[in-house]
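The structure appears right after this line, and notes come after that.
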2 protein chains.
Amino acid sequence: MAAAQRGRAPGGPDWARSGPRDKRPTIEMVAKRAGVSRQTVSNAANAPHRLRPETLQKVLGVIDELGYRPSKAARSLRTRSSQVIGCRLLPSNAGGTGGVLDRLLHALCDAARSKGYDVLTFSVASDDEELEVCDDLLGRSAVDGFVLANTHYGDVRPEWLTAAGAHFVAFGRPWGEANPAHSWVDVDGAAGTSEAVHHLVALGHSRIGCLALPEGSGTGDDRFHGWQRATAALGLPCSTLVARAEDGIRSGKALTEKLLSLPEPPTALVCVSDALAVGAVRALEDRGLVAGRDVSVVGFDDSPVASVLRPRLSSVRQPIEAVAQNLVEVLLAEISGTQRRPSRCLLSPWVVARESSGPALAGATGRTTLVTLPTPDSYRKEQSR
Amino acid sequence: MAAAQRGRAPGGPDWARSGPRDKRPTIEMVAKRAGVSRQTVSNAANAPHRLRPETLQKVLGVIDELGYRPSKAARSLRTRSSQVIGCRLLPSNAGGTGGVLDRLLHALCDAARSKGYDVLTFSVASDDEELEVCDDLLGRSAVDGFVLANTHYGDVRPEWLTAAGAHFVAFGRPWGEANPAHSWVDVDGAAGTSEAVHHLVALGHSRIGCLALPEGSGTGDDRFHGWQRATAALGLPCSTLVARAEDGIRSGKALTEKLLSLPEPPTALVCVSDALAVGAVRALEDRGLVAGRDVSVVGFDDSPVASVLRPRLSSVRQPIEAVAQNLVEVLLAEISGTQRRPSRCLLSPWVVARESSGPALAGATGRTTLVTLPTPDSYRKEQSR
DNA sequence: CTCGCTGATATGAACGATCAAGTCGCCCCC
DNA sequence: GGGGGCGACTTGATCGTTCATATCAGCGAG
């Protein structure tokens, strides 16, 4: 059995077992043992088609036997690329959108690794600090590019990074920028809330309210507009069923109480965040109502809490894995210089239907709306580029 | 103004503004411009005491002027150290101990950066996969060492890493290993639950129950024993007030219902996780009881949910920042070879008192226990090594 | 006066890979 | 049969540092 194959064997690789720890096999050793030159070994790994099949076989055999792996530092020095992606570690406010960013980091690591890249993380308190760290990492050639999360109105980071000549891709549209000079990947929040509306309509609802954030937040407005467009397009009488406030469970509860007090209260609520949705469910509980039976609630982000809540929360789930894959692909294209013009990529989320959204009560709507629409199951299409 | 100082200026560093992007200043350029040799420039950064003050001044001036920063790859190649720490990204099950591991990663990045190290993360599904990735990272000399989180009984990772000659520190004691050959840092869970008991006794409680995990989990047992020892030492009649089950909100609720049905139910509960504590609070709610008034509840981990819960949850908070600092310090010592024998470090958590723990009702306990103990405030001592 | 020592700086040689030119057969075609 | 072209490999140079050693001036001791 070859050393590289038993790399995970109890004793660890050969070079670790005997001799000084920092004497890994180099390309030279492989070359000598295989009776070829360095370059041939290098080619065996990087351009196999250049070798005669038998030579390739022999070299690969020796590589495997010695457990050779190219030194990252040496390769990095020569090729001027670190094969590392930098990414700011965002505070995961577990209640809100936190779970999403956590999933993103995981998916990013996976996607990067599958392309031979590593992910380097750093924790900073502000965008300014983030740029300081980026500057440092770029200066030391520690990373080849960045993934920028949490874009927002008036974000100075894209401009700065562009000016610094750094490669990067943003997760999130360049809110407020007319014609952005950089690539981005984002999730179509409007499509998500729109699907949520359709999902509820399919369940027989027609008075579908919306809990949204105050105007001015990119993603918040986007999601709100999805609800707005969908209800308008379907001709639903919902324009008065909107309540907006800062994100949070308390907010959601307060807003819901307000909407429920209306003369014609909504029979379903589309919330632009799970925190708001949790608040909505609580407000219902306080009135002795059950989410999904008396009033349906759909959240956004499918955060971990969604599935542990008492009536499990229906929620719009973002295709984070696909987002990460796209981010990495685009970033690598950007780094390799393949990319001529900035790329844009908008992925669609989908509704995960759980107990908190159920059929409308005939008595509640006053009339039954008959609409032919796809069934909830068909929403589970994950768009992967 | 020097280029390095205006590195964060709108235009970005000089080398980015004009000329090809990958033409960073090298040590050679600095040397030529300062009229000295490479080595002198190198010394200016790495061994300033070797230079005559005036020379040092001049060299530093040029370094600053050109915005020179040593190439990570070149230095890494020569010194055979990557200045990078590897760390597995753990799934943050937001309900459970997830928040803790998230905090850990943040703190780890901060602590590492302050020592000139970077943190490289990877996401894997199992311990076996983790070792595969470690093997890969070691093979490519991509990292100098690892932080191992989530140690458990029968953990094969320490042994494997030791055999592979890798440097690492564990967050978590080597549960079940007689005399561990590796360094670790951990939080004294027993001390935490013990403090929780004392906190509750100070509030007048004497029938203090415990929600614990099934025997066999390292941290779970540790925390349970803290409650056990504290109640025994104080002579409290609590031995029957124990309920154990898997972690989770449902579990906590079920266990609490069981304890509340006892002829002499507990007036306070120490829970070995926040998830269990949340369950406990829910069980109380179902009976129309209020946590902190009728029955006190103390959780463990101070997860994000603790402070957003309805009666804000008292919880034992781990000094994660101190843990991270220690992990990094120990790991670096290990890497530098300074460390002769494995180091062990046990830090104390403390109780964060919130609404869910309050004074015992005189009627509930049957008698008022008068004990002189430190006030809740005095528990807020953060031990930082 | 010379030797040895020390402090300050300079020079050559790694580190381990890849790139850019070689070299060497071999076959084919005019 | 000479030369062009190509496939398969080799050889030198290079990436930007730091290590190990050399140089060289100044100075005190024998």
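Here is the naming used below: chain letters follow the sequence lines, and residue numbers restart at 1 for every chain.
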- Task: Return the value, rounded to whole Å, for the distance between atom CG of B:Leu77 and atom P of C:dA17.
- Result: 9 Å

- Message: Under 4.0 Å, counting only non-hydrogen atoms across every strand here, what does A:Ser76 touch: a base, just sugar-phosphate, or nothing?
- Response: nothing

- B:Ala74 side chain, from C-beta outward: closest of D:dT17, C:dA17, C:dT18: D:dT17

- Distance-only donor-acceptor check, side chains A:Ser141 and B:Arg24, under 3.5 Å: yes

- Query: How far apart are the C-alpha atoms of A:Ile320 and A:Phe171, what are their side-chain angles, what is the distance that settles it, and do they pass the side chain to side chain contact (heavy atoms under 4.5 Å, CB included) test?
  - Reply: CA-CA 10 Å; A:Ile320 292 297; A:Phe171 173 37; 4.2 Å; yes

- When you measure from the side chain of A:Arg38, which nucleotide among C:dT9, D:dT10, D:dA13 comes out closest? D:dA13

- So do the side chains of B:Phe146 and B:Leu138 get within less than 4.5 Å of each other, counting heavy atoms only? yes

- Query: For B:Met29 and D:dC15, what is the distance between atoms CE and C1' respectively, to the nearest whole Å?
  - Reply: 12 Å

- Check whether any side-chain N or O of B:Arg80 sits under 4.0 Å from OP1 or OP2 of C:dG16, and answer yes or no. yes

- Note on the structure: Correct closest heavy-atom pair for A:Pro342 and A:Ala181 would be CG-O, 3.6 Å

- Task: Using only side-chain N and O atoms of B:Tyr68, determine if any of them is under 4.0 Å from OP1 or OP2 of D:dG16.
- Result: no

- Does a salt bridge link B:Lys72 with B:Asp118, judged by any charged N lying under 4.0 Å from a carboxylate O? yes

- Message: If I take atom NZ in residue A:Lys72 and atom C1' in nucleotide C:dA17, what distance separates them, rounded to the nearest angstrom?
- Response: 14 Å

- Task: Please report, rounded to the nearest Å, how far the P atom of D:dT18 is from the CD atom of B:Glu28.
- Result: 13 Å

- Does a salt bridge link A:Lys115 with A:Asp110, judged by any charged N lying under 4.0 Å from a carboxylate O? no

- Message: Whether A:Asp135 and A:Arg140 form a salt bridge (side-chain N of Lys/Arg under 4.0 Å from carboxylate O of Asp/Glu) is what I want to check.
- Response: no

- Message: Between A:Thr40 (side chain only) and A:Val36 (backbone N and O only), is there a donor and an acceptor less than 3.5 Å apart?
- Response: no

- What's the CD1-C1' distance between B:Ile63 and D:dG16, to the nearest Å? 14 Å

- Task: Give a yes/no on whether any side-chain N or O of A:Ser37 is located under 4.0 angstrom from OP1 or OP2 of D:dT10.
- Result: yes

- Give a yes/no on whether any side-chain N or O of A:Arg78 is located under 4.0 angstrom from OP1 or OP2 of C:dC19. no

- Task: Figure out the CD/P separation between B:Gln39 and D:dT18, and round it to whole Å.
- Result: 8 Å

- Message: I'd like to check A:Tyr117 versus A:Leu332 (side-chain heavy atoms, cut-off strictly below 4.5 Å). Are they in contact?
- Response: yes

- Taking the side chain as every heavy atom from C-beta outward, state whether B:Phe122 and B:Cys134 have any atom pair closer than 4.5 Å. yes

- Query: For the helix from C:dC1-D:dG30 to C:dC30-D:dG1, how many degrees between its two end axes (five pairs per end), to the nearest 10°?
  - Reply: 70°

- Item | Atom-to-atom span, CD1 of B:Ile27 to P of D:dG16 - whole angstrom | 11 Å

- Query: Should B:Val156 and B:Leu131 count as side-chain neighbours, where that means a heavy-atom distance under 4.5 Å?
  - Reply: yes

- Nearest non-hydrogen partners of B:Ser183 and B:Glu334, listed with the distance: OG-OE1, 2.8 Å

- Message: Expressed as a whole number of angstroms, how long is the span from A:Leu51:CG to D:dT10:C1'?
- Response: 13 Å

- Please list residues of residues 40-50 of chain A whose heavy atoms come under 4.0 Å from any atom in DNA chain D, ordered by number; otherwise none. A:Thr40, A:Arg50

Enumerate all atom pairs, one protein N or O and one N or O from nucleotides 23-26 of chain C, separated by less than 3.5 Å.
none

- Message: Side-chain N or O of B:Thr55 versus OP1/OP2 of C:dT9: is the shortest distance under 4.0 Å?
- Response: yes

